[in-house]
Every structure is written in structure tokens, then in C-alpha cells.
Amino acid sequence: MAEAPDRSVSEAPPGDAPVRDAFLPYARQTIEDDDVQAVVDALRSDWLTTGPRVDQLERAFADYIGTRFAVAYSSGTAALHGTTFAASLGAGDEVVVPAMTFAASAACAAYVGATPVLADVDARTLNLDPVELERQLTPRTKAVVVVHYAGVPADMERIGAVARSSGLRVIEDAAHAAGADAPEGRCGTLGDMGVFSLHPAKQLTAGEGGIVTTDDPELAERLRRFRNHCMDTSGREREQKGAFAYTIEELGFNYRLTDLHAALGISQLGKLDRFVERRRGLVKLYDERLAGLPLDTPVAPPGTQPSWHLYVVQLRLEELSTGRDEIFDALRAENIGVNVHYLPVHYLGYYARLLGKGAGDFPVAEEAYRRILTLPLFPAMTEDDVDSVVAALEKVLGRCGAGG
Ligand SMILES: Cc1ncc(COP(=O)(O)O)c(C=O)c1O
């Protein structure tokens, strides 16, 4: 048993002023005047939903990622649900999902009655470990959801080899990875389908939104139908043909993206490369300035070009006299908006019960969870902001040195 952390060492002395006056969030969207104008133009147009701006976003996104098709959804979570439907997964099927991810990566299997099966992750990248993927395979395994954690591409060469030899569908959960490149190609082109999130914390935003990329025309067609109640035609198609009849052969949802969201998404897509470059520059600053502190900075495997949705450090707890939670609180008191991504999926009540898993089952994800801290990272951050985060870490970790 680890000793209980000593809270007193991480607490600031009475009267101590925080490093920053204003709170620095861990993520923040960048919205410029032309983004605002794009949404206003959509509001004044004939189509507020299922209109031409949704088509335009899909075309531009497919071109950017390099796939034949892209299908827009109302959120990344809805888009993930679309992929498990499109792949015809259901009861009795197992879907392997990394233990260190947001719950939506596992939910998409459960939504269609399939069973998410967790696999442990690589200790440094926190991406799915191909050996652990192989360990979780059974005759019922039909698909794997591969997360590019923090925007760092997963090991698609080895994961792809396992998937091919076992006939698995590969769903890339690229919610963190817009604009990231692996040695094998761009994230979103490396499986049967790639899923992106357009939530404000991500590299580009539509307010809310999701998008699936694929080269497979049949999957694209199923993805399009599923987001619109599984109707065989869209309202716009019927309107244009002057027809009213449609049929519904399978259970679908209303997961449509509006043209207001699509307008923002199109405008933001034009800025994605600039936003990603800025993120890469900030990561370089952090890497340089955090060297020498008792923490490990994130790694990019050789040949990868991450797009850095998150900057996650791992505290070297063996060199510290207190735990992550106390350091988290102390940094918040310095007005640094640190966060934790993620609680391992099997620590969440619903999934613990569904999977019958608990502490000790995924040791690498669990050990990482004790150490991880997400530091603020977003394109509008300044060098001074980075310096304030580093200064706060020096101050807090300085109080928490081993034996300190
Ligand atoms: C790995 C991962 N997958 C899926 C999602 C879901 O995306 P959304 O918030 O757009 O539903 C998220 C959201 O943060 C995520 O981090």
C-alpha cells in the first residue's frame, strides 16, 4: 500500500499570491470575426439544417483528410455510434477499446448491443498496446476502436497487422487527432472509418459536431442513413424531387449537424493547419522549459507528427512527497486550469459493472492515471502563459520534492 499523500506539503503558505491573476483554462476555442460572419451568413440562408453547408463541410473535410467520403454528425459521440451501426456490429460481438480513453470510445460498442472489451495501453504514449490488443482477442472480436490519444498517432502498423490477421474492422477514434500524421498516413485514413470531434476543446470546432471519414461507399451510405432515422432519402432530396414518400428499414437516430454548425466547421477547417502549427510550437516550448522538473513530458514516436489536442505530463511520483490530486489542487490555486484525461474506463461505475472489471485489471492505464496531469494548451496561448504554467509547476513541485 502506498502511504497516504501529505497534503500539507502541496499547500501554499498563508498570504502567498498565485502565480497568475487570471485563470488559464486547459482548452479554449479560437473564434475570429470571419467565423462569426460565416455563422451569421448561414442563419440568413434558406437552410438551417441538412443544407448545402453540410455537404460543403463534408467535401472539404474528406479532401483535407484524404478520404473519398466524410459524413457529418451532431457530435463525435454520435459519429462513433454511426460507425458501429455502419459496421453492422451487434449483440454477441466484441469490440476492443483502450482502457485509457474517454467513455464515448467504449459507449459506441454498447449502443448497438456489442460488448466493449478493454485493453491496456503503452506506458509512454497511453495509446492502445498492440500486444494487449492481441491478448484480448476471442472468436467474437469483430472490431477495434483505436484512439490517437492526445493527438499522438497510435502504432497503426502493428495494430493494422493484428486487425488484418484476425479480420477486424478498424475504427479510428481520431477525436484528438485532426491534422495528425502517422508514418502510414494521415489519421482518419488508417482504418475502415475515422471519427473526429468538433467540440470546442478540439483542434477545430463547430460548437458541437462530429465527422466520419471513409473510403468505402457502402459504409458512407449507411453512415448517412443512420444519422437521419435510417430514411432512404433526405428531406432535401424529397424537396428537390417534389416527392414525399420514404421508407425506413432499420432503426436510426436524428444525429444531423445543422448548417449553422457546419458553417463554423468550414471556416475553422481553413485555419486548422495554422492552429496545429501553433499547438506544435507551444508543445516545443513546454518540452524545453519543463526539462529538469520531476515529470515526464509526452512523447511522439519516430515518424509521427502529432496535432496535440492535449499536453499530458506524467509526474514522477517516486521523486515527490505527495500525490497527483494534491498537486492538481495546488496548481488550480495558482490559477492554472490543469485537468486529468482520463479516469480509466473501468473506473467508471457503469463500465465497471458492464465489464466486471476493477482496480488491478489494466495496470498500465491505472499507474498512468495516478501520474497524469493535462496542462493548458490552445492556439491563443502566449509564451507568457506557458511561462506561468512552468513557474507554477516549479513552485508547487518545489514544495513537494521527495522528503520536502
Ligand atoms: C477520445 C474521444 N472520443 C470521442 C469523443 C466524443 O466527442 P464529442 O464530445 O464530440 O461527442 C471525445 C470527446 O472528448 C474523446 O475525447
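Atoms within each ligand, like the ligands themselves, are counted from 1 in listed order.
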Ligand 1 to Ser75, heavy atom cutoff 4.0 Å, flagged ligand atoms 10 (O), 11 (O)

Whether Tyr149 lies under 4.0 Å from ligand 1, heavy atom: no

Requested in this report: Answer with yes or no whether His309 contacts ligand 1, where contact means a heavy atom under 4.0 Å from a ligand atom.
Outcome: no

Counting from 1 in the order shown, the ligand 1 atoms closer than 4.0 Å to a non-hydrogen atom of Gly209 are 10 (O)

- Report yes if some N/O of Gly76 lies less than 3.5 Å from some N/O of ligand 1; otherwise report no. yes

A student checking ligand 1 against Phe102 at a 4.0 Å heavy-atom cut-off should list atoms 2 (C), 5 (C), 12 (C), 13 (C), 15 (C), 16 (O)

- Query: Any N or O on His199 sitting closer than 3.5 Å to an N or O of ligand 1?
  - Reply: no

- Message: Taking CD in Glu32 as the centre, count heavy atoms belonging to other residues, nucleotides or ligands within less than 6.0 Å. Is the count above 12?
- Response: yes

### Check: Ala86 main-chain N/O paired with Arg222 side-chain donor or acceptor under 3.5 Å
yes

Going by the 4.0 angstrom heavy-atom rule, the piece of His341 near ligand 1 is neither

Checking heavy atoms under 4.0 Å, the part of Leu80 that sits near ligand 1 is side chain

Any heavy atom of Thr77 under 4.0 Å from ligand 1? The part involved is both

Distance under 6.0 Å and angle within 45° of the ring axis: does Arg225 meet both against Phe85?
no

Can you find a heavy atom in the side chain of Asp192 that is under 4.5 Å from one in the side chain of Val170? yes

Ligand 1 to Thr101, heavy atom cutoff 4.0 Å, flagged ligand atoms 1 (C)

Could you check whether any heavy atom of Ala201 sits closer than 4.0 Å to an atom of ligand 1, since that is the contact criterion I want to use? no

At under 4.0 Å between heavy atoms, what of Tyr73 touches ligand 1? The answer is neither

